[in-house]
Colleague: 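Mind having a look at this structure? Questions to follow.
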Amino acid sequence: ETGVTQSPTHLIKTRGQQVTLRCSSQSGHNTVSWYQQALGQGPQFIFQYYREEENGRGNFPPRFSGLQFPNYSSELNVNALELDDSALYLCASSLEAQETQYFGPGTRLLVL
Amino acid sequence: DQQVKQNSPSLSVQEGRISILNCDYTNSMFDYFLWYKKYPAEGPTFLISISSIKDKNEDGRFTVFLNKSAKHLSLHIVPSQPGDSAVYFCAATHNDYKLSFGAGTTVTVRA
């Protein structure tokens, strides 16, 4: 059974640029959630995708957007990057209607 | 608005002894609670969970206790091992999509 994978592992961007992060869910999981973890804090929920539709959103601006594909992999897009967007971005997958979310290793984004 | 709080940023315990990690929450709607463990450069790993209909759940060396009236849960690790040194996150949810996390507690197990 393949776990959750994310790419890239690290990324450096400059302010104002756009970035796309990718996530492949665990085999059999159709739900993907994205979290942002700033240094010294717990993960903060960005949004969740279930069967290719957004299923809930946290307190993040519209420049954070996402997509889920028919194979249940997902992308997180962030436009107009700001310095405060520097963080670890975590993707988690789960079975339908299951609370237990299984996390990938994350993508470390640095915005200069 | 921090709905889940882990007030102890760090904990140091001797190998073989008990580690007790605490977590408080403010949202009475939360009905499912989870603990995750995180090593540096890795994503959080699910450890153990508990539903609000229970007050205790045990899995090997890990036991989670839930006190709904106090809005408090704790994770006990017995006995503590060097490989338990990591950051532990408490999380809570009242639906199936959003997990609210605490800020984490760094556990160091001393030999």
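Chain identifiers are assigned alphabetically (A, B, ...) following the order of the sequence lines, protein sequences preceding nucleic acid strands; residue numbering begins at 1 within each chain.
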Colleague: Does A:N59, at its CG atom, have more than 12 non-hydrogen atoms belonging to other residues, nucleotides or ligands within less than 6.0 Å?
Modeller: no
Colleague: Count the heavy atoms of every other residue, nucleotide or ligand shown that sit under 6.0 Å from CZ of A:R15, and state whether that count exceeds 12.
Modeller: no
Colleague: What residue, out of A:G106, A:P43, A:G56, has the most heavy-atom pairs lying under 4.5 Å from chain B?
Modeller: A:P43
Colleague: Check this for me: A:L39, atom CG, are more than 12 non-hydrogen atoms of other residues, nucleotides or ligands nearer than 6.0 Å?
Modeller: no
Colleague: Just checking B:R17: does its CZ atom have more than 12 heavy atoms from other residues, nucleotides or ligands closer to it than 6.0 angstrom?
Modeller: no
Colleague: Any chance you could measure B:K98, atom NZ, to A:Q44, atom CD, to the nearest 0.5 Å?
Modeller: 8.0 Å
Colleague: If I take atom CD from residue B:E42 and atom CZ from residue A:F103, how far apart are they, to the nearest 0.5 angstrom?
Modeller: 14.0 Å
Colleague: Looking only at heavy atoms, which two atoms of A:G42 and B:F89 are closest? And how far apart?
Modeller: CA-CE2, 3.7 Å
Colleague: Top residue by heavy-atom pair count (under 4.5 Å) with chain A, among B:P44, B:A91, B:G102?
Modeller: B:P44
Colleague: Test of understanding: clusters of I, L, V, M, F, W, Y form through side-chain heavy atoms closer than 4.5 Å, transitively. Do A:V32 and A:L95 belong to the same one?
Modeller: no
Colleague: Which bit of A:Q37 is near chain B, if near means a heavy-atom gap under 4.5 Å: side chain, backbone, both or neither?
Modeller: side chain
Colleague: Taking NZ in B:K5 as the centre, count heavy atoms belonging to other residues, nucleotides or ligands within less than 6.0 Å. Is the count above 12?
Modeller: no
Colleague: Show, in sequence, the C-alpha distance, side-chain angles and deciding distance for A:F45 and B:F101, and conclude whether the side-chain contact (heavy atoms from CB on, under 4.5 Å) test is met.
Modeller: CA-CA 9 Å; A:F45 175 76; B:F101 282 86; over 6 Å; no
Colleague: Looking only at non-hydrogen atoms, find the nearest pair between A:T100 and B:Y36 and report the distance.
Modeller: C-OH, 4.4 Å
Colleague: What distance do A:L90 atom CG and B:K38 atom NZ have between them, rounded to the nearest 0.5 Å?
Modeller: 6.5 Å
Colleague: Is B:W35 reachable from B:V109 through a run of I, L, V, M, F, W or Y residues, each pair having side-chain heavy atoms under 4.5 Å apart?
Modeller: yes
Colleague: Do B:V87 and B:L34 sit in one hydrophobic cluster, given that two such residues count as connected whenever their side-chain heavy atoms are within less than 4.5 Å of each other, even indirectly?
Modeller: yes
Colleague: Chain B heavy atoms under 4.5 Å from A:F47: which part of the residue, side chain, backbone, both or neither?
Modeller: neither
Colleague: Atom CG in B:L99, atom OH in A:Y35: separation rounded to 0.5 Å?
Modeller: 3.5 Å
